[in-house]
Amino acid sequence: VQLQASGGGSVQTGGSLSLSCAVSGFTRDYYAIGWFRQAPGKEREAVACITTRDGYTFYGDSVKGRFTLSRDRARDIATLQMTSLKPEDTGVYYCAADGLGIGCTVLDAPQESYDYWGQGTQVTVSS
């Protein structure tokens, strides 16, 4: 299984960015894709996740209403649209996949459920 993250960059407060995660190598249809981020000096946190079978999504409290996660089933790409960006959104963003499909619930996207991780991509929001 491979995950290839792309996108990111630098924007000013209030700007928008899009991150994409291309997933390949899964042999089963049902799994979960998550986006996580780590700010300097802080622990990695869950941003959003989506299940592949029914498109169910979870969003962290700090991004609700500003970020939207969607998935292109045909190309197996999960895209995180980020709007109204704030300086506190700055960090390295990682996409990950949970092969059992249990890592995306209404309450959380527990990182320990995610088996496969892509490389990080930097997002910088300046004030």
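Salt bridge annotation for D61-K64: present, with a cationic side-chain nitrogen under 4.0 angstrom from a carboxylate oxygen.
Annotation for Q12: atom CD does not count as buried by contact number, only 12 or fewer foreign heavy atoms lying within 6.0 Å. Around CD of Q2, the count of heavy atoms belonging to other residues, nucleotides or ligands within 6.0 Å does not exceed 12.
Side-chain contact between R71 and I33 is present, with heavy atoms from C-beta onward closer than 4.5 Å. When side chains are defined from C-beta on, F58 counts as touching D108, because their heavy atoms get closer than 4.5 Å. No side-chain heavy atom of S24 sits less than 4.5 Å from a side-chain heavy atom of D76.
Identified under the salt bridge (charged side-chain N to carboxylate O under 4.0 Å, His left out) test for residues 40-59, with sequence neighbours left out: R37-E45. Applying the disulfide (SG to SG under 2.5 Å) test to every pair with at least one member in residues 18-89, sequence neighbours left out, gives these pairs: C21-C95, C49-C104.
The backbone N or O of Y56 sits less than 3.5 Å from a side-chain atom of T51, completing a donor-acceptor pair. Between the side chain of T83 and the backbone N or O of R66, at least one donor-acceptor pair lies under 3.5 Å.
No chain of hydrophobic side-chain contacts below 4.5 Å, direct or via other Ile, Leu, Val, Met, Phe, Trp or Tyr residues, connects I77 to W117.
Heavy-atom minimum distance, F26 versus D98: CZ-C, 4.5 Å. Minimum heavy-atom separation, W35 to T121: CZ3-CG2, 4.5 Å. Contact record, T90 with V125: OG1-N, 2.9 Å, taken as the closest heavy-atom pair.
A donor and an acceptor atom, one from each side chain of T79 and Q81, are nowhere located under 3.5 Å apart.
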